[in-house]
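Below is one structure, written out as structure tokens; comments come after it.
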Amino acid sequence: MAFMQRAWLAALMMAVVCPLIGAFLVLRRQSLIGDGLGHIAFAGVAAGALWDFSPVLSAMATCVLGALAIEKVRGFLKETADMVLAIFFYAGMGIAVVLASMNHSGNFNFSSILFGSLVTVSTMDLWIVGCLGLAACAFVVIYYRPLQFITYDEAGAAVAGLPVTTLNFLLAFLTALTVALSMRIVGLLLVSAMMVIPVAAALQTAKSFSQTIILAIGYSILSVAIGLIISFYGNLAPGGTIVLVATLVFIISLFFKTQPMHIHNEQHEDCDECAHQGQVDECGHIHHEHETYQR
């Protein structure tokens, strides 16, 4: 069936993009930002429904503006970043509730946006998600080392001369697009789960940062594939089913857990010069402050 073909393609692309972006967010202790952006995107959906505009485009615009605003404010108030995030999230949900209450026509199904719906995935959605996937993969491949450096030591990356602010804004931009475009599959209320749970499962056995990303993408694809099959034959909500399968994968990964992956900083004794320059060697160590992965 055509709608299932579109759903499979969109879901598999989402399964790659979500953990790819989510890996950086989780290790930067920003796991809840996807959930908050979902609340902000819901305000855009409600606005689009009220003024008869494309809910996907309105959600994208609102989510991107919200993400950039959060990143800007977070730069000024780093010590209270969690409080700033909470304020943005609650404000976004408040705006969404008000706009939704103003829509008396009843011609829009908010449940498909909040919880996901296979039937609503269009060919245009496929092209948009595909472009997002290519952009996200290109961004991570090109800026992998700087992003890795920023993830573990943002202050050191700034001292080393990396464009920290620009990279943070680009990461926030891609996060916002990922949230807005994934709402068709898992819904706005659950999209953050696909950015966090596969990464959490991968962290149980991964021995390096790159391995964490690869395993997270693998777990995400597995969860999406099993979840879509179960939701189709069981006539269940696809978003919730996919998230529950991902949660089961995480629980199973706990039984294969190695010793916790400790990520600590230690100054290399014989590379003082490159430590000040923030260089990265062939093994992936950042010489400004080395990351050491231990099983």
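We're numbering straight along the sequence, starting at 1.
Follow the hydrophobic side-chain contacts under 4.5 Å out from Val199 and you reach Leu171 in the same cluster. With hydrophobic clusters built from ILVMFWY side chains whose heavy atoms lie under 4.5 angstrom apart, Met194 shares a cluster with Leu177. No continuous path of hydrophobic side-chain contacts links Phe256 to Leu215 [ILVMFWY only; heavy atoms under 4.5 Å]. Val140 and Ile214 are assigned to two separate hydrophobic clusters, defined by single-linkage of ILVMFWY side chains at heavy-atom distances under 4.5 Å. Under a hydrophobic-cluster definition in which Ile, Leu, Val, Met, Phe, Trp and Tyr are linked whenever side-chain heavy atoms come within less than 4.5 Å, directly or via other members, Tyr143 and Leu174 are assigned to the same cluster.
Grouping Ile, Leu, Val, Met, Phe, Trp and Tyr by side-chain contacts under 4.5 Å, direct or through others, leaves Val141 on its own.
Counting heavy atoms from C-beta outward, Arg28 and Ile150 have side chains that approach closer than 4.5 Å. Taking the side chain as every heavy atom from C-beta outward, Leu27 and Phe209 approach each other to under 4.5 Å. When side chains are defined from C-beta on, Leu68 counts as touching Val64, because their heavy atoms get closer than 4.5 Å. For the pair Val26/Thr212, no side-chain contact is recorded, criterion being any heavy-atom separation below 4.5 Å from C-beta on. A heavy-atom distance below 4.5 Å is found between the side chains of Phe42 and Met93. Taking the side chain as every heavy atom from C-beta outward, Ser253 and Phe250 approach each other to under 4.5 Å. Counting only heavy atoms from C-beta outward, the side chains of Thr178 and Leu20 never approach each other to under 4.5 Å.
A distance of 6.5 Å separates CD1 in Ile40 from SG in Cys63, rounded to the nearest 0.5 Å. How far CE of Met13 is from CD1 of Ile221: 12.0 Å, rounded to the nearest 0.5 Å. The distance from atom CD1 of Ile213 to atom OG of Ser208, rounded to the nearest 0.5 Å, is 9.0 Å. Atom OG1 of Thr175 and atom CG of Leu37 lie 7.0 Å apart (nearest 0.5 Å).
Between Tyr144 and Phe24, the ring planes are perpendicular. Angles over 60° get that label, and only those under 30° would be called parallel.
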Taking distance alone, no hydrogens or angles, what donor-acceptor pairs closer than 3.5 Å link side-chain atoms of residues 237-247 to residues at least two apart or in another chain?
from   : atom 1 : to     : atom 2 : distance (Å)
Thr241 : OG1    : Ala237 : O      : 2.7
Thr247 : OG1    : Val243 : O      : 2.8

Would Thr205 and Gln211 count as a side-chain contact (heavy atoms from CB on, under 4.5 Å) here? Give the steps. CA-CA 9 Å; Thr205 54; Gln211 193 176 90; 5.8 Å; no
With side-chain contact (heavy atoms from CB on, under 4.5 Å) as the test, would you mind laying out the steps for Ile229 and Trp8 before giving the verdict? CA-CA 10 Å; Ile229 293 173; Trp8 268 98; 3.8 Å; yes
Met195 and Val179: CA distance, side-chain angles, deciding distance, side-chain contact (heavy atoms from CB on, under 4.5 Å) verdict: CA-CA 9 Å; Met195 303 176 74; Val179 170; 4.1 Å; yes
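Panel note: side chain Ser220, backbone Ala216; no donor-acceptor pair is recorded below 3.5 Å. Listed for the Ser231 side chain is a donor-acceptor partner under 3.5 Å among the backbone atoms of Leu228.
Across Ala96 and Ala46, no two heavy atoms sit closer than the pair O-CB, 3.7 Å. Counting all heavy atoms, side chain and backbone alike, Pro198 lies closest to Tyr219 at O-CD1, 3.8 Å. Contact between Ala11 and Val224 at its shortest, heavy atoms only, is CB-CG1, 3.4 Å. When every heavy atom of Val16 is checked against every heavy atom of Cys137, the shortest pair comes out as CG1-SG, 4.5 Å.
Looking at residues two or more places apart in sequence or on another chain, you find no side chain to side chain contact (heavy atoms under 4.5 Å, CB included) involving Gln5. Partners of Leu222 under the side chain to side chain contact (heavy atoms under 4.5 Å, CB included) rule, at least two apart in sequence or in another chain, are Ile226, Val249. Residues passing the side chain to side chain contact (heavy atoms under 4.5 Å, CB included) test with Leu170 are Phe139, Thr166, sequence neighbours excluded. Residues passing the side chain to side chain contact (heavy atoms under 4.5 Å, CB included) test with Ile95, sequence neighbours excluded: Ala43, Leu99.
Environment of CZ in Phe169: crowded, with over 12 heavy atoms of neighbouring residues, nucleotides or ligands closer than 6.0 Å.
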